[in-house]
Structure formats: C-alpha cells, structure tokens
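For reference, the structure is listed below as structure tokens.
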Amino acid sequence: SKANGKNQTSLYKASIQADRNTRARIDNELRKAIISNELSLVYQPQICPVTNKLTGVEALIRWHSKELGEISPAEFIPLAEENGQIVELGYWVLKEACSTLKKWQKTFSTHINMSVNVSAAQLANPMFLKTVHQILQVSAINPKYITMEITESTAIADMDNVRSILEQLSQHGIQISLDDFGTGFSSISLLRQLPLTSLKIDRSFFNELKRDSQDWLIIKAIQELGSAMGHKVVAEGVETLAQLDLVRELECDVVQGYVYSQPLAQTALEASYFLPQDS
Ligand code: C2E
Ligand code: CA
Ligand code: CA
Ligand code: CA
C-alpha cells in the first residue's frame, strides 16, 4: 500500500542517516586515535609448511576506540582510504612494525620478514618514498626484511605511478607482495608489470579446498606460474589440517592462516615463537 511504501522510504532514509552518523563518528574518532594511543598492531605468523618454522609475520592494525569500542579494520580502513587518513595511519603502522622488528632482531637475534599492508592512497602520497626511507633509516631496519602488500585494485588505480613507486621501493630492497591474488580482473597481466617478490593467493580459494576441485586446480596453476617467475607463493586463510596437507602437496612456500595461528599481540607472539625452549 501507499502508506507502507512511505513507511519503508522513511525507514530507508533513517538507516542512511544512521549510517552517515556512524561514519561521521568513526571519521571523527579516528582522527584522534593515534595521539590517544588507541591503535595497536597484531602479528599473524607466516610459516614454512615443510619445516613448520616461522618465516615472517603480517602486521594487522587494531583499533580500540574509547568512544566506540572495538572496530574492525574491514570497517575503518576503507573509510580512512576515502578521507585520506590512511596516509598518516600507514606511516604509523610502518613505524610501529619496524620498531617491533628491531626489538625482535636485538632481543632474539631473529631475522624474520615483516609484511605491512599498503593502500593506493598511500602510494599516491608525494612524500611516500621519502617518508618510507626515513622511517627505515631511523628504525635501523634493512629494507630486505620488509614486505609491502598491495592489492590488485591498488595497482590498477593509477598503474604508471604505482609501477614507478613500486620499482623504486624494490630498488631500495623492499619486497613487494600481490595480496588477495586471483580475486580481481587483471591478476595475470599484473605479473608482468610489477616488480613482485611474492603472490598471496586469496583465502577464498582455501575455504573449501578439496583435491582435484576447481580451487585446487587454480591454486596449482598459480603456484606453478608464480614459482616459475621466481616469486614466493603464500597460501592465506588455511584453517584446517586437511587443507594444510593439500597446500603441502601443492608446494606453496608459505602458509598464513588459523591452522597455525590467529594474529597475535607482540608479547604473545614472542612467547610462542621466540622464547628458548627448555631442554
Ligand atoms: P588482508 O590484508 O587480506 O589480511 C588478512 C585478513 O585475513 C586478516 O583480517 C586476518 O586476520 C584474516 N585471516 C588470516 N588467516 C585467516 C584464516 O585462516 N581464516 C579467516 N577467516 N581469516 C583469516 P583482519 O586483521 O581483520 O584485516 C582485514 C583487512 O583489513 C586486511 O585484509 C587488510 O586489507 C586490512 N588491513 C588490516 N590492517 C591494515 C593496515 O595496517 N593497513 C591497511 N592499509 N590495511 C589493513
Ligand atoms: Ca594483507
Ligand atoms: Ca589477503
Ligand atoms: Ca584484503
């Protein structure tokens, strides 16, 4: 009926308004998050499936807002990308990740890799290269221990500029990983356009992985292509031992997923992976 339709319209308007309000609040609180000390990083282990040894970690941001509670990066990162705050957040993430890595190198004489996520808007910032160099220099981190993860959409947003920035990062020694690989539209052509060191096959391929399934065939093809091109192939989102067995058969180089570990706070990761075992 007409009345119903009208009600639905105003409900719809109300929910858009609520969304706008929430976004505005998140936006507003996020501006204060760095100085209010509300951000932290967690680190998810990346493991060699043959030796079961830690080869690196991915730094993932967490935001505990005093006003709004725990907010997922899936919610606030896209907002920060839209409003430009991702540039400042990204520098904070890199600094924090480098400082953690330095601590691990000093305290545990360990030389694992640190991966950080980098958005298109960060690469587009004219100060990006200079600031990255500065952060690594101040933290005394050898760039070869840093991997920057970019997604396909990042790369195609502004291909010429992205390629040029990535080439300079790569010449500086930083490793480049193509994240969520296989989900976009131009994955294969990106392989010949970008100076990559690893491919991270998207976790949707491992969700319900079975031998000889389509997912299995796709992973197998990506692994063979990636290896032939000299890239490390990372399997993301591996959750079960059965999936891990298949990933071993498929000869992926690195596994990141709940089967080994969820992302961990710095001290929890140290306790699980670095403290010497009593013999
Ligand atoms: P991503 O880069 O693809 O990161 C992997 C996500 O998959 C993480 O979610 C991780 O916790 C989750 N994950 C890992 N293993 C498994 C598994 O076995 N099963 C399942 N179901 N999930 C798994 P998280 O931490 O919520 O991050 C979500 C996204 O937010 C990231 O996806 C990334 O796109 C973005 N993000 C997180 N931190 C940062 C950051 O510092 N900078 C930027 N630009 N983006 C970030
Ligand atoms: Ca990532
Ligand atoms: Ca991913
Ligand atoms: Ca992603």
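Side chains included, hydrogens not; waters and symmetry mates left out as well; all remaining heavy atoms used. Read the numbers this way: they start at 1 and go in the same order the structure lists the ligands and their atoms.
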Can [X] and [Y] be counted as having a side-chain donor-acceptor contact under 3.5 angstrom?
X	Y	answer
Glu251	Gln223	no
Ser109	Gln105	no
Ser65	Glu29	no
Gln171	Glu167	no
Asp202	Thr183	no
Thr100	Glu96	no
Glu70	His64	yes
Gln44	Gln256	yes

Pro45 vs Tyr273 side-chain heavy atoms within contact, under 4.5 Å: yes
Test item: Ile165 and Leu129 side chains (from C-beta on) under 4.5 Å apart, heavy atoms: yes
Once you restrict to heavy atoms under 4.0 Å, what part of [X] touches ligand 1? Side chain, backbone, both or neither.
X	value
Ile61	both
Val238	backbone
Val116	neither

Flag if over 12 foreign heavy atoms under 6.0 Å of CG, Leu241: no
Is [X] near ligand 1, meaning one of its heavy atoms is under 4.0 Å from it?
X	answer
Glu58	yes
Lys200	no
Arg203	yes
Ser72	no

Metal check, the Ca ion (ligand 2) vs Asp180 N/O/S, cut-off below 3.0 Å: no
Contact check: Ser115 to the Ca ion (ligand 2), N/O/S below 3.0 Å: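 It does not; every qualifying atom lies at 3.0 Å or beyond.
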Distance filter under 4.0 Å to [X] heavy atoms, resulting ligand 1 atoms:
X	result
Val93	41 (O)
Gly257	15 (N), 18 (O)
Asp180	3 (O)
Leu60	4 (O), 8 (C), 10 (C), 11 (O), 25 (O), 37 (C), 38 (N)
Ser119	44 (N)

Degrees at the Ca ion (ligand 2) between the OE1 atom of Glu149 and the OD1 atom of Asn117, nearest 10°: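 Between OE1 of Glu149 and OD1 of Asn117, at the Ca ion (ligand 2), the angle is about 90°.
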Nearest candidate to atom 15 (N) of ligand 1, where distance is taken over non-hydrogen atoms, out of Glu81, Gln256, Arg62, Gln44: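 Ranked by closest heavy atom to atom 15 (N) of ligand 1, first place is Gln44.
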Of the listed options Glu239, Glu236, Gln243, Gln122, closest to atom 21 (N) of ligand 1 (non-hydrogen atoms): Glu239
Donor-acceptor contact present, side-chain Lys102 to main-chain Ala140, <3.5 Å: yes
Presence of N, O or S from Glu236 under 3.0 Å of the Ca ion (ligand 3):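 Short answer: yes, at least one N, O or S atom is under the cut-off.
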For the Ca ion (ligand 2), the closest N/O/S atom belonging to Asp179: OD2
Name of the Glu58 atom (N/O/S only) found closest to the Ca ion (ligand 2):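 The atom in question is OE2.
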Backbone or side-chain N or O of Asp179 under 3.5 Å from ligand 1 N or O: yes
Aromatic contact, Phe206 with Trp216 (centres under 6.0 Å):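 For Phe206 and Trp216, the ring centres are not under 6.0 Å apart.
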